[in-house]
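Residues: numbered from 1 along the sequence shown. Nothing here was measured: the structure is a model prediction, and the numbers come from that model.
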Amino acid sequence: MSGLLAILLPIAGLFFASSAAAQEADGERLFRQRCAACHNVKPGQNKMGPQLLGVIGRTAGSVEGANYSDAMQSSGITWDRQSLDTFLAAPSQMMRGTRMTVSVPNAAQRAAIIDYLESQSPD
Ligand code: HEC
């Protein structure tokens with residue numbers, strides 16, 4: 001039995017290590033699939049939506065040259081994990097009149113995307 005455990009434990013370790021890596025990659029992949037059509041994470045590169053580099057800690061509607069709704073510009077929000085989570089779950093429910101209509105109903109996917117955004121900060 002202990003011989004079997006000696007074989008199984010390292011395999012379980014590998015499994016958990018690789019699923020943690022997959023989890024990290026997930027946020028980036030989700031961002032590419034769900035957000036990147038309209039958002040970049042590079043400074044100064046706005047698409048239909050503002051660039052999202054360093055969005056956590058940023059005042060909503062504050063990117064120079066981005067095409068914002070009045071709702072976004074006057075929202076008074078400073079983005080943090082909680083407000084991003086609420087916004088991404090149902091943008092127009094949180095902010096009536098926003099032009100961002102894409103939602104992410106799945107909480108785990110929102111968390112992964114927010115982790116990814118948190119990892120993308122200007123240095
Ligand atoms: C179809 C285009 C489109 C897609 C796809 C999209 N967005 Fe947006 N997003 C916008 C637009 C347009 C705005 C500006 C909204 C406004 O001003 O009301 C915006 C605004 C935002 C803001 C506020 C930024 C700021 O500077 O205040 C965040 C955060 C955001 N989007 C996150 C995301 C995330 C995360 C995804 C992927 C899950 C995503 N968006 C997908 C178009 C999009």
Side-chain angles (χ1 to χ4, degrees):
M1 191 56 199
S2 66
L4 185 60
L5 269 182
I7 293 167
L8 284 180
L9 282 178
I11 293 174
L14 274 179
F15 175 76
F16 285 120
S18 67
S19 69
Q23 197 67 40
E24 272 170 43
D26 221 25
E28 184 173 1
R29 186 171 54 82
L30 285 164
F31 183 85
R32 261 190 273 122
Q33 290 172 342
R34 313 278 283 273
C35 320
C38 302
H39 292 286
N40 222 323
V41 282
K42 300 203 175 80
Q45 298 196 13
N46 303 315
K47 296 185 176 180
M48 185 193 279
Q51 60 84 6
L52 294 178
L53 182 72
V55 68
I56 292 182
R58 196 166 88 188
T59 304
S62 67
V63 170
E64 191 81 21
N67 181 20
Y68 287 116
S69 62
D70 291 342
M72 184 66 76
Q73 279 178 313
S74 62
S75 66
I77 289 169
T78 299
W79 293 118
D80 58 15
R81 293 191 64 99
Q82 183 58 57
S83 56
L84 277 174
D85 189 65
T86 309
F87 182 63
L88 293 176
S92 52
Q93 208 164 303
M94 172 178 179
M95 193 184 294
R96 188 173 292 272
T98 180
R99 288 203 201 105
M100 164 128 159
T101 52
V102 176
S103 65
V104 182
N106 180 299
Q109 293 185 342
R110 284 199 303 279
I113 291 171
I114 293 168
D115 283 345
Y116 172 69
L117 289 173
E118 205 169 30
S119 75
Q120 303 294 304
S121 54
D123 38 25

*Taking side chain as C-beta onward, heavy atoms only, is Leu88 less than 4.5 Å from Ile114?*
yes

*asked:* Tell me if a side-chain donor or acceptor on Asn40 pairs with a main-chain N or O of Asn46 at a distance below 3.5 Å.
replied: no

*Start with the C-alpha distance between Gln51 and Lys42, add both sets of side-chain angles, then the distance that settles side chain to side chain contact (heavy atoms under 4.5 Å, CB included), and finish with yes or no.*
CA-CA 6 Å; Gln51 60 84 6; Lys42 300 203 175 80; 6.0 Å; no

*asked:* As an exercise, state the distance from CG of Asp70 to CE of Met72, rounded to the nearest 0.5 Å.
replied: 11.5 Å

*Rounded to the nearest 0.5 Å, what's the gap from CG on Leu52 to SG on Cys35? Could you check?*
7.5 Å

*Any donor-acceptor pair under 3.5 Å linking the side chain of Thr98 with the backbone of Met100?*
yes

*Between the main-chain N or O of Ser74 and the side-chain N or O of Tyr68, is there a donor-acceptor pair closer than 3.5 Å?*
no

_Tell me every residue that passes side chain to side chain donor-acceptor pair (under 3.5 Å) with Arg81, counting only those two or more places apart in sequence or in another chain._
Asp115, Glu118

_Would Leu84 and Arg110 count as a side chain to side chain contact (heavy atoms under 4.5 Å, CB included) here? Give the steps._
CA-CA 9 Å; Leu84 277 174; Arg110 284 199 303 279; over 6 Å; no

*Sub-4.5 Å side-chain heavy-atom contact between Cys38 and Arg99*: no

_Heavy atoms of other groups near Asp80 CG, more than 12 under 6.0 Å_ = yes

_A side-chain contact here means heavy atoms from C-beta on lying under 4.5 Å apart; do Met94 and Ser75 qualify?_
no

*Residue list, ring-ring contact (aromatic ring centres under 6.0 Å, His included) with Phe31, at least two apart or on another chain*: Tyr116

_side chain to side chain donor-acceptor pair (under 3.5 Å) partners for Gln33, two or more places apart_ = none

